[in-house]
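Structure first, then comments.
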Amino acid sequence: MTDVGTQNETKGLKVLRPESRFRFACHEGLGCFTQCCRDITIVLTPYDILRIKNALGISSGLFLEQYTHSLMGKSGFSGVILKMADDEQRSCPFVTPHGCSIYEDRPWSCRVYPLQPESTKLTEKSGKSYYSVMGIPFCQGFEENQTTTVQNWLASQGIPHYLEMEKPFKKITTNPFLSDKHIKNYKIQQMCFMACYDLDRFRRFVFESSFLHQFDTDPREIDKIGSDDVALYRFAMKWLEYGLIGQHVLKVNPGVLAAKKQELGIR
Ligand code: SF4
Ligand code: SF4
C-alpha cells in the first residue's frame with residue numbers, strides 16, 4: 001500500500017514525498033525470505049566496498065578479486081558489481097538461510113529497498129532526492145500490516161549517512177567537464193579505479209611512491225589516512241578532483257613546482 005494521495009506528479013515525475021506512507025515489513029517468517037538476494041545486479045559504491053571489505057576483514061584487492069566484477073563505463077570510469085555465486089539460483093555470496101551475513105554493512109541498494117531513487121535531470125538540478133516504491137512481484141513484505149513514511153524508512157536504514165559518504169564520489173562522476181570529456185587513457189582509468197575502489201592499494205601508492213613529495217600535504221591528514229579508511233577515501237576523492245577536474249583541492253609542493261617550471265623554462 002502506498003499512499004497515492006501524497007504522490008507528487010510535478011512535471012510528469014511520479015515520486016513520493018518524504019512524508020508519504022507505504023506498507024512494508026521484511027522478516028524471516030515470510031515465504032519469500034531471502035528470495036530477493038538471488039540473481040540480482042548490485043552496483044557497489046566506493047563506500048559500500050570500504051564497509052564490506054572491513055566487515056569481512058580482508059583487503060580491498062582481495063575483496064575486488066573474490067567478490068566483484070568491474071565494468072568500464074562510457075565515461076572511462078569503472079563500475080563495480082557484486083559477483084553472484086555459481087549456483088543454480090545465482091545467490092548473493094552473503095545470503096544465509098537466516099538472512100544477510102553482512103547485514104550491518106550491506107550495500108546501499110540493499111538498504112534502500114523497497115524504495116528506489118528516481119533520478120532525472122530535474123531532480124539532480126534541484127539537489128533533492130526523490131523515491132518511488134519498487135514493485136517486485138514475489139515480495140510479500142507489501143502485504144504486512146506495518147506502515148512507515150519514506151523519510152523514516154530511509155533514516156532507519158542509514159541512508160542519509162550513505163548519501164553523505166557518496167557525495168565526494170558523485171561530485172566527480174557527475175561533473176559536466178568529465179561527462180563530456182571521457183577518460184580514454186588506460187593508465188588514468190586504472191588510477192581512478194584504484195582511488196575509488198582499491199583503497200588499500202591507494203594507501204600503498206601514497207606511502208610507498210613519491211606521492212608525498214609531490215604534494216604539500218597536512219601532516220595530520222597524512223597521519224590519519226595511514227589507518228583511517230574513511231579519511232583515506234576522502235583524500236582519494238580529493239586527489240581525483242585535483243587530477244581530473246583541475247580543482248585546487250591539493251597543493252603541489254613548492255619545490256616540485258619550481259623545479260618543473262625551471263625544466264620547462266617558465267619563470
Ligand atoms: S522479497 Fe521482500 S519481504 Fe521477502 S525477504 Fe526480500 S525484501 Fe523481504
Ligand atoms: S548483500 Fe545481503 S541484503 Fe544484499 S543481496 Fe546480499 S545477502 Fe541480500
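Whatever order the structure lists them in is the order used to number ligands and atoms, beginning at 1. Computed from a predicted model, the values in this text were never measured in an experiment.
Each of Leu115, Val150, Val15 was evaluated against Tyr130; a single residue qualifies, Val15, per the side-chain contact (heavy atoms from CB on, under 4.5 Å) test. The one candidate from Arg234, Arg51, Arg203 that meets the side chain to side chain donor-acceptor pair (under 3.5 Å) condition with Asp229 is Arg203.
Protein heavy atom nearest atom 1 (S) of ligand 2, with residue, atom name and distance: Pro107 CD, 3.6 Å. Looking only at protein heavy atoms, the nearest one to atom 6 (Fe) of ligand 1 is Cys36 SG, 2.3 Å. The nearest heavy-atom contact from the protein to atom 4 (Fe) of ligand 1 is Cys32 SG, 2.4 Å. When hydrogens are left out, the protein atom nearest atom 7 (S) of ligand 1 is Tyr113 CE2, 3.4 Å; that is the closest non-hydrogen contact. The protein heavy-atom contact nearest to atom 8 (Fe) of ligand 1 is Cys26 SG, 2.4 Å.
Ligand-side atoms of ligand 2 in range of Cys110: 1 (S), 3 (S), 4 (Fe), 5 (S), range being under 4.0 angstrom from any heavy atom. Each of the atoms 5 (S) of ligand 1 lies under 4.0 Å from some heavy atom of Thr34. Of all atoms in ligand 2, numbered sequentially from 1 with element shown, those under 4.0 Å from a heavy atom of Phe94 are 7 (S). Atoms of ligand 1 lying under 4.0 Å from any heavy atom of Leu30, numbered from 1 in the order shown and given with element: 3 (S). Atoms of ligand 2 lying under 4.0 Å from any heavy atom of Ile40, numbered from 1 in the order shown and given with element: 5 (S). Using a 4.0 Å cut-off to heavy atoms of Val95, the atoms of ligand 2 that qualify are 7 (S).
Closest heavy-atom contact between Pro97 and Phe33: O-CE2, 3.8 Å. Scanning both residues, Tyr103 and Gln157, for their nearest heavy atoms gives OH-OE1, 4.1 Å. Smallest separation of non-hydrogen atoms from Phe94 and Ile52: CZ-CG2, 4.1 Å. Of all heavy-atom pairs between Asp48 and Pro107, the closest is OD1-CA, 3.3 Å.
A donor-acceptor pair shorter than 3.5 Å can be found between the side chains of Ser91 and Arg38.
Separating the CG atom in Asp105 from the CZ atom in Arg111 is a distance of 7.0 Å, to the nearest 0.5 Å.
In this structure, Lys167 pairs ionically with Glu164, as a charged nitrogen and a carboxylate oxygen lie closer than 4.0 Å.
Leu62 and Leu56 fall within a single hydrophobic cluster, where Ile, Leu, Val, Met, Phe, Trp and Tyr are joined by side-chain heavy atoms under 4.5 Å apart, directly or via other members.
The shortest separation from a heavy atom of Phe142 to ligand 1 is not under 4.0 Å, leaving the residue out of contact. Ligand 2 lies out of reach of Thr96, whose nearest heavy atom is not under 4.0 Å from it. For Ile42, the closest heavy-atom approach to ligand 2 falls below 4.0 Å.
Ring centroid separation for the pair Trp153 and Phe24 comes in under the 6.0 Å cut-off.
At a heavy-atom distance under 4.0 Å, no atom of Ile136 approaches ligand 1.
Distance check for Cys92 against atom 4 (Fe) of ligand 2: none of its N/O/S atoms falls below 2.8 Å.
The closest heavy-atom contact to atom 2 (Fe) of ligand 1, among the options Cys139, Pro137, Gly141, comes from Cys139.
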